[in-house]
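Here is the naming used below: chain letters follow the sequence lines, and residue numbers restart at 1 for every chain.
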Amino acid sequence: MTDTNPLMLYNSLVRDKQVFEPIRPGRVHMYVCGPTVYSDAHLGHGKTYINFDTVVRYLRYLGYRVLYVQNITDVGHLLDGGEDRILKGAAREQLQPMELAERYTRRYYRDMDRLNVLRPDIAPRATGHVIEMITLIQKLIDSGHAYEANGSVYFAVESFPEYGKLSGRRVEDLQSGTREAVRDEKRHPADFALWKRAEPEHVMRWPSPWGEGFPGWHIECSAMAIKYLGQPFDIHGGGVENKFPHHECEIAQAEAATGEPFARYWMHNGMLMIRGEEMHKSLGNFVTLEQAFERWDPMVIRLFVLLSHYRGPLDLTEEAVDAAERGLERLYNAIRTVRRRRTGAPEGALDPEISALLEETRGRFEAAMNDDLNTPAAIAALFDMTREVNARLTDDAALSDASLEAIDALYTRLAGDALGLLSESLDQDLTAGLTADLLDLLIATRARLRQAKQYALADGIRDSLADLGVILQDGPEGTRWVLR
RNA sequence: GGCGACGUAGCCAAGUGGUCAAGGCAGGGGUCUGCAAAACCCCCAUCGUCGGUUCGAUUCCGACCGUCGCCUCCA
């Protein structure tokens, strides 16, 4: 743990920042609503899971042992028309539902891996937990919080007075958006489905005490969170757009069934916008992560996301992401130089001024992060440190190995471990031995040309390499190359 | 209509009741370089509008304008 101010988190449940105190000392149990795996993950998923990955990373940075559960929704998440997203996707791609779910689950993790989003410790699938859901639903029926109607089961919102406490809504104010067909089955328009009767043509179906059917979307998260994290647990996260009804319903189900509180801290992240508009297929501004990666390095996307506060909306424009790209390059350049300098650096103790700089940076970083994960302010501390480090690297070339090692270590810990911003992208110019040897040959040749003042030829080599994506940088210690 | 969020420099984005405000990108001027690149130094904002509270507000309150989210099972 640290010696700075305590970790404060904004808790949607109380609409204020609170000192974070885990239920079990030193441990954190955390749940985040995972994706519905019916198509490729998009930039919005990227923001959400980067945001919560950063929460997990920082908690671990602080020394907590974190148990992170993020589900995979592979059934029950319906479209407006009542069609199951998974079934629709399966029909679209002529696959069995589970083939589809498997395909997009793998692609989801592939994209998240590239964004340096750590995989959850447990990734339960909804279809693997139908028994737990049925058990929970039965409990709700037995306790009078749910009722069966024509093979479907609904939660009775009027039986749970606290319904609405997360989203600030009152049952009386809720409009009924329910489709005509099922409106008659409900006792109250705001009642929501726990279990749905499967029509004959519905492929995804399970036997239950109420006949063949499938679970509602909300009950999945309650059942899986309780199973793996216990009740109550520490942190529940998700996109703000799911605050109502999804999270509100999760609370109602879990707390009505057991009488125990569900999650202590509710964290909601803001949505990603594209040029001022919500990203939506119908607006034609839908960008999958795979598409975005063709344009930008995943770490650029990650930095861009962390450059704004997780709770706010984030408006993506090409200009803004390009700016983040340049910023990342600046950070990487400094780290690369520090690491290179370690070869052949003079022995010696850690420079007291460097030590002070690193301590100050660490303090500012932690103070910012402890204030409800203020990543923009934390990153500002890193950039300030980078300016100082660069100045030292240019001015006197005599930084001791101990100093360089300490700088490297802090970058690794803050930018790498806590923010997840360092990946193989950083080391890309250290790859491919043969390529590096050939480049060294070219650089040596160019050096001779420069000595002979054959600048036109020397610049020609530099320009040609630039076209291939290799940037040459001449410095007092010779020429270095980096990939762009 | 109900609930909620936001409006800070050319772009993105933190933040604070009282030396009129981080950081990144872009831009201008320097240093360094054969020229570049990288890097460093300097410059570049009165905080949506109008009121109010206060000795003093960008930061607190109200109204208005604007943008956005949820309510209609998108992360």
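Side-chain contact check for A:His77 versus A:Glu220: every heavy-atom pair is 4.5 Å or farther apart. Side-chain contact between A:Leu43 and A:Ile301 is present, with at least one heavy-atom pair separated by less than 4.5 Å.
As judged by a 4.0 angstrom heavy-atom cut-off over every strand, A:Gly44 is placed among the base-contacting residues. Contacts of A:His42 with the nucleic acid, taken as non-hydrogen atoms under 4.0 Å apart, include base atoms. Contact annotation for A:Phe192: no contact, since no heavy-atom pair falls under 4.0 Å across all strands.
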Any N/O pairs under 3.5 Å between the protein and nucleotides 36-39 of chain B? List them or say none.
residue : atom : partner  : partner atom : Å
B:rA36  : N6   : A:Asp474 : N            : 3.3
B:rA36  : N6   : A:Asp474 : O            : 2.8
B:rA36  : N1   : A:Asp474 : N            : 3.0
B:rA36  : N3   : A:Arg462 : NH1          : 2.9
B:rA37  : N1   : A:Asp474 : O            : 3.1
B:rA39  : O3'  : A:Asn390 : ND2          : 3.1
B:rA39  : O2'  : A:Thr394 : OG1          : 3.0

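Across all strands shown, B:rU33 forms no Watson-Crick or G-U wobble pair with both key distances under 3.5 Å.
Residues satisfying the side-chain contact (heavy atoms from CB on, under 4.5 Å) criterion with A:His247, sequence neighbours excluded, are A:Cys33, A:Leu166, A:His236, A:Asn242, A:Glu250, A:Trp266, A:His268. Checked against side-chain hydrogen bond (donor to acceptor under 3.5 Å, both in side chains), A:Glu241 has no partners two or more places apart in sequence or in another chain. Every residue two or more places apart in sequence or in another chain that forms a side-chain contact (heavy atoms from CB on, under 4.5 Å) with A:Arg342 is listed here: A:Asp401, A:Leu404, A:Glu405, A:Asp408. With sequence neighbours left out, A:Thr337 forms a side-chain contact (heavy atoms from CB on, under 4.5 Å) with A:Arg340, A:Arg341, A:Leu393. The side-chain hydrogen bond (donor to acceptor under 3.5 Å, both in side chains) test applied to A:Trp217 returns no partner, not counting sequence neighbours. Qualifying side-chain contact (heavy atoms from CB on, under 4.5 Å) partners for A:Met204, counting only residues two or more places apart in sequence or in other chains: A:Val75, A:Ile86, A:Leu87, A:Pro97, A:Met98, A:Thr127, A:His202, A:Trp206. A:Asp74 is linked by a salt bridge (charged side-chain N to carboxylate O under 4.0 Å, His left out) to nothing, counting only residues two or more places apart in sequence or in another chain.
Here the nucleotide nearest the side chain of A:Arg169, chosen from B:rA75, B:rG15, B:rC3, is B:rC3. Considering only the side chain of A:Phe383, B:rG23 comes nearest among B:rA13, B:rG23, B:rA75. Of the listed nucleotides (B:rC73, B:rG23, B:rC12), B:rC73 has the atom at the smallest distance from the side chain of A:His77. Residue A:Ala380 has its side chain nearest to B:rG23 when only B:rA75, B:rA13, B:rG23 are considered. The side chain of A:His309 sits closest to B:rA14 out of B:rA75, B:rC68, B:rA14. You'll find that the side chain of A:Glu319 is closest to B:rC11, out of B:rC35, B:rC11, B:rC73. Minimum atom distance to the side chain of A:Glu241 is reached by B:rA75, of the listed B:rC71, B:rA75, B:rG24.
Evaluation of A:Tyr455 against the base of B:rG34 yields a stacking contact (centre distance < 5.5 Å, interplanar angle < 30°).
Spacing between atom CG of A:Asp371 and atom C1' of B:rA22 amounts to 14 Å, rounded to whole angstrom units. Here B:rU67 presents its P atom at 19 Å from CE of A:Met271, a figure rounded to the nearest Å. Rounded to an integer number of Å, the gap from A:Tyr310 OH to B:rA14 P is 13 Å.
Where A:Asp315 and A:Pro35 each meet RNA chain B at their nearest nucleotide, the meeting point lying more 5' is that of A:Asp315. The 5' end of RNA chain B is approached more closely, in terms of each residue's nearest nucleotide, by A:Lys243 than by the other of A:Lys243 and A:Gly312.
Within residues 114-125 of chain A, no residue has a heavy atom under 4.0 Å from RNA chain B.
Remark: A:Arg106 engages A:Glu102 in a salt bridge, criterion side-chain N to carboxylate O under 4.0 Å.
Of the C1' atoms belonging to B:rU67 and B:rG52, the separation is 26 Å, rounded to the nearest Å. Straight-line distance between the C1' atoms of B:rA57 and B:rG66: roughly 22 Å, to the nearest whole Å. Separation of the P atoms belonging to B:rC65 and B:rU49 is 15 Å when rounded to the nearest angstrom.
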**OP:** Take A:Phe52 and A:Gln70, measure what side-chain contact (heavy atoms from CB on, under 4.5 Å) needs, and give me the verdict at the end.
**Re:** CA-CA 10 Å; A:Phe52 288 110; A:Gln70 183 193 107; over 6 Å; no
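Judged by distance alone with a 3.5 Å cut-off, a donor-acceptor contact links the side chain of A:Asp459 to the base of B:rG34.
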